[in-house]
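Below you'll find the structure, written out as structure tokens, and then a few comments.
Proteins get letters first, then strands, A, B, ... in listed order; numbering begins at 1 in each.
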Amino acid sequence: MPSLGADMQAGTLVVWRKQPGDQVGRGEIVAEVETDKGIIEVESFIAGTLEAQLVEPGTRVPVGTKLAIIGEMGNAPHTQREQAAAAPAGAGSTPLPMPTSTPVPLQDSAVHATPSARRVLRERGLAADGVHGTGLHGVITRADAVQARGGESPYQVPAPPAPQAGATSIQPPRVRVSPRARRRARELGLSLSGIVGSGQDGAVVGSDVERAAREQPRAISSTSSRMRSAIAQAMTRSKREIPHYYLTHTVDLEPALAWLGEQNERRALPDRLLLGILFVRAVALAVRQVPELNAHYTEDTLHAFPYVHVGVAVSLRGGGLIAPAVLNAHEGSLDELARAFKDLVNRARSGRVTSSEMGSATITITSLGERGVESVFPVIVPPQVAMVGFGAVVQKPMVVGEAVLPRPTVTISLAGDHRVSDGHRGGLFLSAIAALLAEPARL
Amino acid sequence: MKLENIRPVISESLLAIAPEANLQTLSPDANLREELDLDSMDFLNFLTALHTKLHVEIPESDYKLLATMRGIESYLVQKVTS
């Protein structure tokens, strides 16, 4: 079960898209998972043959739980290495993380830990494969290793069931559930794993679910309130851990809007550009001049990225928001970016984003101008270190040459992580965005 | 094109974007984007749907004529010829 964002603790496997024996290509969708952010399509990060499905549809499992075994291409069956059919937690510095092609001994399978984490684990006599890694590519950090023995962090993720020897024996205990009970549990937002069954052989039946719902009146009762609590958790962590600084920069948008109008006059409706697309591109290009803002901060270390995956905060009808990433927003033509951006927003709203789009953002944008908000003071999404806000386009008096003219303006804001950057560098970043918007043909 | 042929296309296109909207109670002169909470992407999707279904060209400079349901209906009655 991949971590699709810092705030995700568990997910429900909804449906398998690949069956045992099927060939799986790298980047192909293997399963659909329901999270607090809707349905996410889980992509494989290796090519091979799906050997076994380890989780039944309808089961909610913690992040880090193995979902499936994929035998890598070219390996004889008895030497297959097991791989979780999902990007590791905290998907990091490659869009689709790949395991190394060098054969790795079985005891090391897909579990990586930092040297200091290994030391802590050794001291505590713990096995690395029972520990959920929150570092890049799911690497187990020192903090994970400390937490694994019952640390005091409030963000502790329940550890996945400790795998036993042999690939086939790690199947989680199977709970028998009647179809009606499964449906009611889904409607009520209850996890089946916590419900005691009163049916034959301990099967969970409809009345058990109803009773659990009555006995847990505070239980989260819908996807949107689960999303709310996920947002609450991530934002609380952000405000607790990240010393934010804030800057704003008001920009004359006349050149950008004139260029956009000229472009769109020639374009058929489906190909028209939105101002938001220029914002995404300007941020993606400008942040390359201030690379410490295009980064993740984990375990007191800054990891800067050679590419820019721009997270876009998308508000959802009915409340809540998700911030999937436009991958590689710094490259390709503006038309390609426009198509990718529209496609991403539409899929986010219909609840269809992929695992590589969640949790992979290297910097995030929020745009609240649609309802007249003039400037935004964003809350950074950990482990990112910067977030850019765009307000409404507002007519304001601007000094142009010697004259004061009414001009369309936008106030761009930056929330920066003061642990990794200073206001001076943040200011450079905002002025780089402004310079690009003043010359939109460079976008 | 006659209004009674256009109306279902408008409703269908709007409901695809805002399924919770109650178009019966919507005032014909209310600002559609505010009433139905449509952002610029929603609005572009709505116009693209009209463009695809009714084969109508809507230049960006005409967007201001399409702010209300009444505006949209009269615009489309004029523009859609078939």
Do chain A and chain B have donor-acceptor pairs under 3.5 Å, and which are they?
unit_1	atom_1	unit_2	atom_2	d
A/Asn264	ND2	B/Glu60	OE2	2.7
A/Arg272	NH1	B/Ile58	O	2.6
A/Arg272	NH1	B/Tyr63	OH	2.9
A/Arg272	NH2	B/Ile58	O	2.9
A/Arg317	NE	B/Ile17	O	3.3
A/Arg317	NH1	B/Glu20	OE2	2.6
A/Arg317	NH1	B/Leu36	O	3.1
A/Arg317	NH2	B/Leu36	O	3.1
A/Arg317	NH2	B/Asp37	O	2.7
A/Asn346	OD1	B/Asn45	ND2	2.8
A/Arg349	NH1	B/Asp39	OD2	3.2
A/Arg349	NH1	B/Asp42	OD1	3.1
A/Arg349	NH2	B/Asp39	OD2	2.8
A/Glu370	OE1	B/Arg33	NH2	2.9
A/Glu370	OE1	B/Ser40	N	3.3
A/Glu370	OE2	B/Ser40	N	3.0
A/Glu370	OE2	B/Ser40	OG	2.7
A/Arg371	NH2	B/Arg33	O	2.8
A/Arg371	NH2	B/Asp37	OD1	3.3

List in chain and number order the residues that pass ring-ring contact (aromatic ring centres under 6.0 Å, His included) with A/Phe341, two or more places apart in sequence or in another chain; answer none if no residue qualifies. none

Okay, B/Leu38 and chain A: the region with an atom under 4.5 Å from a heavy atom over there is both

